[in-house]
Amino acid sequence: MVSRQPQSGGEIIDLLARLVAFETESGAPNEALVDFCAEHAARAGAQVRSVEGPSGRSNLHVRYGPDEPGGLLLSGHTDVVPAGSGWSTDPYQLTETGGKLQGRGTADMKGFIATALAVAAAADHRQLRAPLHLALSYDEEVGCIGVRGLIDHLASQPSCLPAAVLVGEPTSMRLANAHTGKTAHRVMIQTPSGHSSRARNQPSAISEAIKLCAAITVLNAAENPGGADPSAGNEAFVSANIGTISGGVGLNVLAPECELAFEIRFGASVDLDCLAAPIWAEVQRIDAELASVGGGARSIEVAAYPALHTDPALPAVRKLGSAIGAGQAIAVDFGCEAGLYAQQLGVPTVIAGPGDIADAHQPDEHIDPTQLVRCSEVLHKAVAAFCMAT
């Protein structure tokens, strides 16, 4: 439990302490956390449904109120990035330090989950005219993997289609209506090895990989119309990065193997197929050229999710904006599950949650408890507007 508790938001902070204590790093089991959340919601009168995944991981769907379309869905992911080293406190014990609540996942995004659980349980369920949904996923941090099965479950039940989705990623409680999409791939190149003196006549896997790298990085050239700042709401934003590359066996040997991993981040108006066509053409060229000497090239997609851009003029977005009351909608420069909700469910989807993304994914991750209080106030208003108004 938290070592010292601030005076406000005590129930939410107690819940956050319980959630932080679950070491739900991406790829690790999250069932204990899901069971805890399911039991908390069920005690408050919710209907709960677990959507199973692999290796002890699962999603959770919670519904308060009538079993019919409409209402509001609050979404969060249960996984966190590995704690790593460099912490001044135990990353899996919530600790107050300098007025901030410190622990892995406090900002991204167990603070939102704790608040959503508390607000949903405290709502006057007799007054719910439309359902209030909570959706908790696994393995968001490694490519928005788990939520796909959860969205399939929601899409298969007509009564589970909400009027709006609010994804609680950390935005310091500002309304965000846009985020970038992402596609990530590994490319493996193989060719027979040879003596380095034959470099003019015989291919090298590293040399071919360099040509592919050039085709990828040209997307970042000055003439690229995508611009540089996704947070400015640029729907044509493009950024390509080669994250890793490895290969070769020695200075005097033509490299028989080379592997690289790259990603492309893109705005909502980008035609990704058209944008990436030169890259795949280069992979095909390398594959065909190396096939003649018994080699080849192949690519594996390792992650992908769509960009988000929700029209801020939509009534549901304006209603959420009124509840948040933090000015004009912004775009965030990170990707998340919101784009998948919008694409697969076809309902207005936005992002707003407590904490700052700049404080996440690093040692001593923390959140200001006043952010939890503000999130609680916003969610109470949003629940009233979407689920209790006639």
Side-chain angles (χ1 to χ4, degrees), residues 25-28 53-55 57 79 81-85 138-146 148 180-224 226 238-266 270-307 334-335 361:
E25 295 180 357
S26 301
S55 306
R57 286 165 285 169
D79 63 312
V81 299
S85 60
Y138 65 89
D139 285 1
E140 186 270 353
E141 297 288 4
V142 289
C144 299
I145 293 172
R148 298 166 196 268
T180 56
K182 174 179 173 177
T183 183
H185 300 261
R186 284 193 301 123
V187 181
M188 289 72 69
I189 300 173
Q190 294 180 315
T191 188
S193 62
H195 194 279
S196 59
S197 65
R198 294 186 52 78
R200 292 173 64 99
N201 309 105
Q202 186 174 333
S204 156
I206 288 178
S207 295
E208 296 303 316
I210 290 171
K211 297 172 186 176
L212 178 59
C213 288
I216 295 168
T217 56
V218 76
L219 299 183
N220 296 324
E223 59 270 21
N224 174 7
V238 173
S239 176
N241 178 58
I242 300 159
T244 62
I245 185 167
S246 62
V249 295
L251 180 63
N252 60 346
V253 179
L254 295 175
E257 296 181 343
C258 189
E259 179 176 311
L260 63 91
F262 74 95
E263 68 168 25
I264 304 172
R265 295 179 184 264
F266 54 93
V270 172
D271 183 335
L272 182 61
D273 290 339
C274 180
L275 179 76
I279 296 173
W280 304 129
E282 182 64 12
V283 172
Q284 291 174 356
R285 183 202 65 76
I286 294 170
D287 185 60
E289 181 176 307
L290 297 185
S292 64
V293 294
R298 63 189 181 96
S299 173
I300 299 175
E301 182 182 83
V302 295
Y305 52 78
F334 56 83
H361 294 206

Test log, rule side-chain hydrogen bond (donor to acceptor under 3.5 Å, both in side chains), inputs H361 and E141: CA-CA 10 Å; H361 294 206; E141 297 288 4; 3.1 Å; yes
Separation of [Y] [atom2] from [X] [atom1] (nearest 0.5 Å):
{"X": "S239", "Y": "L219", "atom1": "OG", "atom2": "CG", "result": "9.0 Å"}
{"X": "Q190", "Y": "L290", "atom1": "CD", "atom2": "CG", "result": "9.5 Å"}
{"X": "I189", "Y": "K211", "atom1": "CD1", "atom2": "NZ", "result": "10.0 Å"}

Carefully, step by step, assess E140 and Y305 under the rule side chain to side chain contact (heavy atoms under 4.5 Å, CB included). CA-CA 11 Å; E140 186 270 353; Y305 52 78; over 6 Å; no
Write down the atom of [X], the atom of [Y], and the distance for their closest heavy-atom approach.
{"X": "I279", "Y": "A215", "result": "CG1-O, 3.9 Å"}
{"X": "P278", "Y": "L275", "result": "CD-O, 3.4 Å"}
{"X": "C144", "Y": "R148", "result": "O-NE, 2.9 Å"}
{"X": "A255", "Y": "G248", "result": "CB-CA, 3.7 Å"}
{"X": "T183", "Y": "F266", "result": "N-CE2, 4.0 Å"}
{"X": "Y138", "Y": "P54", "result": "OH-CD, 3.2 Å"}

Take the angle between the ring planes of H185 and W280 and call it parallel below 30°, perpendicular above 60°, tilted in between. perpendicular
Residue pairs involving residues 281-290 (criterion side-chain hydrogen bond (donor to acceptor under 3.5 Å, both in side chains); sequence neighbours excluded): E208-R285, E282-R285, R285-E289
[X] versus [Y]: any side-chain heavy-atom pair under 4.5 Å?
{"X": "V81", "Y": "S26", "result": "no"}
{"X": "L260", "Y": "T244", "result": "no"}
{"X": "S196", "Y": "L251", "result": "no"}

Which atom pairs, donor and acceptor, lie under 3.5 Å between side-chain atoms of residues 294-302 and protein residues at least two apart or in another chain?
none

D139/R57 under side chain to side chain contact (heavy atoms under 4.5 Å, CB included): CA gap, chis, key distance, verdict: CA-CA 9 Å; D139 285 1; R57 286 165 285 169; 2.3 Å; yes
Sub-3.5 Å donor-acceptor pair from the side chain of E25 to the main-chain atoms of A83, do we have one? yes
Between L254 and S193, does a side chain to side chain contact (heavy atoms under 4.5 Å, CB included) hold up when you go through it step by step? CA-CA 5 Å; L254 295 175; S193 62; 5.5 Å; no
Residue pair I264, I216: steps toward the side chain to side chain contact (heavy atoms under 4.5 Å, CB included) verdict: CA-CA 9 Å; I264 304 172; I216 295 168; 5.5 Å; no
